[in-house]
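Structure first, commentary second.
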2 protein chains.
Amino acid sequence: MEPSIDPGASARRAAPTLHVRFSDADAIPFPTRTVERGDALYCMGEPLRSVYTVQSGCFKTVATFPSSNDDSAPHTQVTGFHFADETLGLDGVCTGRHESDAIALESSVVRIMPVGILEPLCREYAAMQHELLAIMSAEIVRASRLALMLGTMPARERVAAFLLDFAERLDARSASVGDQANDLILPMTRADIGSYLGLELETVSRTLSKLQREGAIGLNGRQVRIVDRTMLEHH
Amino acid sequence: MEPSIDPGASARRAAPTLHVRFSDADAIPFPTRTVERGDALYCMGEPLRSVYTVQSGCFKTVATFPSSNDDSAPHTQVTGFHFADETLGLDGVCTGRHESDAIALESSVVRIMPVGILEPLCREYAAMQHELLAIMSAEIVRASRLALMLGTMPARERVAAFLLDFAERLDARSASVGDQANDLILPMTRADIGSYLGLELETVSRTLSKLQREGAIGLNGRQVRIVDRTMLEHH
DNA sequence: CGGGGGGTTGAGATGTCTCAAGGGGTGTGG
DNA sequence: CCACACCCCTTGAGACATCTCAACCCCCCG
């Protein structure tokens with residue numbers, strides 16, 4: 001059994017990669033859980049009991065750490081968006097506690113994989129171990145790319161990269177290679193996007209408006225249509 | 001055999017955690033390699049043959065990805081600094097290729113752990129598997145915290161957090177708990193620090209100068225003395 | 001019908017970048 | 001042994017992107 005991750009997929013894309021899968025567990029009848037929009041799948045600091053694979057719906061993960069300045073608000077940021085087939089909770093393995101909150105952006109269903117059985121399973125099945133390591137490694141790369149983006153790109157490029165990545169992840173879950181999703185419905189607010197990209201929500205809004213004025217995208221609230229991919233990629 | 005990572009260590013610190021260890025391999029006589037200052041331990045795109053634990057010296061890891069704008073320079077950033085006892089190369093597990101360059105900041109020695117024997121070893125020894133997972137998870141957290149820092153903190157806080165983290169990592173490798181390292185010698189240039197923190201080197205230099213003027217640190221080129229920890233932490 | 005959340009847009013404040021100049025090391029070749 | 005080149009660092013001044021504050025709109029929901 002080979003890991004289901006395409007080894008070239010991550011290297012191929014220019015924009016930061018934002019998804020992680022864990023499909024080898026499909027065969028095992030793990031229980032599922034439904035989370036309503038706005039509710040937390042888990043919270044920061046909670047003991048790590050399970051990791052989760054999104055079956056349907058969408059989550060954001062939010063990290064907080066106390067401001068260096070005690071009396072001011074703590075730093076907080078959306079560290080990722082997670083769609084179907086992607087795995088949540090792996091950041092908690094090191095401390096045994098979740099390192100972020102996971103909030104459902106819409107009603108969602110997850111498959112629950114208890115950590116207690118994960119490690120023994122991986123010792124049993126080489127392919128599963130390999131895939132788990134690959135997933136965690138991909139998470140490292142994903143986080144590093146986010147840092148890279150936050151450290152080096154201007155607002156315009158961040159938003160463009162975000163949209164392209166979003167579209168690409170939709171592709172990955174639908175139809176055959178080559179037909180690209182151009183109509184997106186963003187499940188998150190401008191504030192979420194801004195937090196994720198290290199921008200204020202006003203900046204996100206303005207940037208989207210500008211991209212529309214320039215003809216790169218169509219925009220109607222949370223509906224986004226990618227009109228000119230090249231313009232998004234090369235600018 | 002218990003994993004040697006203190007499960008609370010990472011949760012305790014406020015500033016982004018930046019180190020990762022892998023000590024269970026101590027018992028195994030892995031070969032070592034010396035890398036001269038400025039030379040690469042590995043380069044981006046190279047097939048992943050081994051992961052490495054720093055024995056002595058210091059490395060930076062540098063990630064690059066092509067600019068969305070073809071003709072302009074590609075985005076590049078220092079994604080981490082790695083000192084003794086810390087493990088390098090795990091980001092490459094997902095693609096089978098290294099996702100960054102690792103450059104020695106001074107003459108350094110690493111222990112080489114071939115990936116081919118790592119996975120079988122982990123299936124054999126539960127504790128080793130657990131520690132490998134913990135290390136990778138810690139890397140995810142580390143990268144996420146870096147992203148958090150780049151996304152939310154102003155220059156002053158970034159530099160302060162960088163210095164505090166640096167000092168803390170020195171502590172971790174010396175003497176008993178409680179006696180804190182206050183005299184640092186930075187092995188990297190201002191440009192490296194800036195790249196890592198998402199700032200220009202001039203901004204780093206100005207910020208350090210300002211911290212000195214305010215009495216928070218002593219400054220003499222790459223020698224930094226932490227004079228007022230509180231001032232660095234709470235502002 | 002009123003309230004609140006989400007979104008857009010404007011104008012001024014501000015932090016960081018950019019460009020530019022100069023100083024101090026260090027290594028190398030004359 | 002000196003001279004030069006090169007790298008690293010510092011500092012200044014103006015440009016510029018993003019933030020901040022504020023007003024307003026729309027839509028949904030109670």
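- Residues satisfying the salt bridge (charged side-chain N to carboxylate O under 4.0 Å, His left out) test with A/Asp39, not counting sequence neighbours, are none.
- Residues passing the salt bridge (charged side-chain N to carboxylate O under 4.0 Å, His left out) test with A/Asp228: none are found, sequence neighbours excluded.
- When heavy atoms are screened at a 4.0 angstrom cut-off, A/Gly194 is found touching no nucleic acid atom at all.
- In terms of position along DNA chain D, the nucleotide closest to B/Thr189 lies nearer the 5' end than the nucleotide closest to the other residue of the pair A/Leu199 and B/Thr189.
- Annotation: side chain to side chain donor-acceptor pair (under 3.5 Å) contacts of A/Ser100 (sequence neighbours excluded): A/Asp91.
- For B/Ser144, there are no side chain to side chain donor-acceptor pair (under 3.5 Å) partners two or more places apart in sequence or in a different chain.
- In this structure A/Glu214 satisfies the salt bridge (charged side-chain N to carboxylate O under 4.0 Å, His left out) test together with A/Arg156, sequence neighbours excluded.
- Between the CD atom of A/Glu200 and the C1' atom of C/dT14 there is a distance of 13 Å, given to the nearest Å.
- The interatomic distance linking A/Ile185 (CD1) with C/dG7 (P) rounds to 13 Å, in whole Å.
- Atoms CZ (A/Arg37) and P (C/dG5) sit 13 Å apart, rounded to a whole Å.
- In this entry the distance linking CG of A/Asp192 with P of C/dG6 reads 9 Å, nearest Å.
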Please set out all donor-acceptor pairs under 3.5 angstrom arising from side-chain atoms of residues 215-224 of chain B, sequence neighbours excluded.
unit_1	atom_1	unit_2	atom_2	d
B/Arg222	NH1	B/Pro187	O	3.4

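- An angle of 30°, rounded to 10°, separates the two end axes of the helix from C/dC1-D/dG30 to C/dG30-D/dC1, each defined over five pairs.
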Side chains of residues 200-210 of chain B: which donor-acceptor pairs under 3.5 Å do they make with residues two or more places apart or in other chains?
unit_1	atom_1	unit_2	atom_2	d
B/Thr207	OG1	B/Thr203	O	2.6
B/Ser209	OG	B/Ser205	O	3.0

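- In this structure, CD in A/Glu99 is found 12.0 Å from CZ in A/Phe65, a value given to the nearest 0.5 Å.
- Scanning residues 201-227 of chain A for heavy-atom distances under 4.0 Å to DNA chain D yields A/Glu202, A/Thr203, A/Arg206.
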Using residues 42-52 of chain B as the side-chain source, report each donor-acceptor pair under 3.5 Å to any protein atom, sequence neighbours left out, with the distance given to one decimal.
unit_1	atom_1	unit_2	atom_2	d
B/Tyr42	OH	B/Gly89	N	3.3
B/Glu46	OE2	B/Cys43	N	3.3

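- For A/Asp192, the salt bridge (charged side-chain N to carboxylate O under 4.0 Å, His left out) test picks out A/Lys60, with sequence neighbours left out.
- Close approach of DNA chain D to chain B, defined as any atom under 4.0 Å from a non-hydrogen atom of the protein, starts and stops at D/dC8 to D/dA13.
- Looking only at atom types and distance, the side chain of A/Thr152 has no donor-acceptor partner in the side chain of B/Gln77 under 3.5 Å away.
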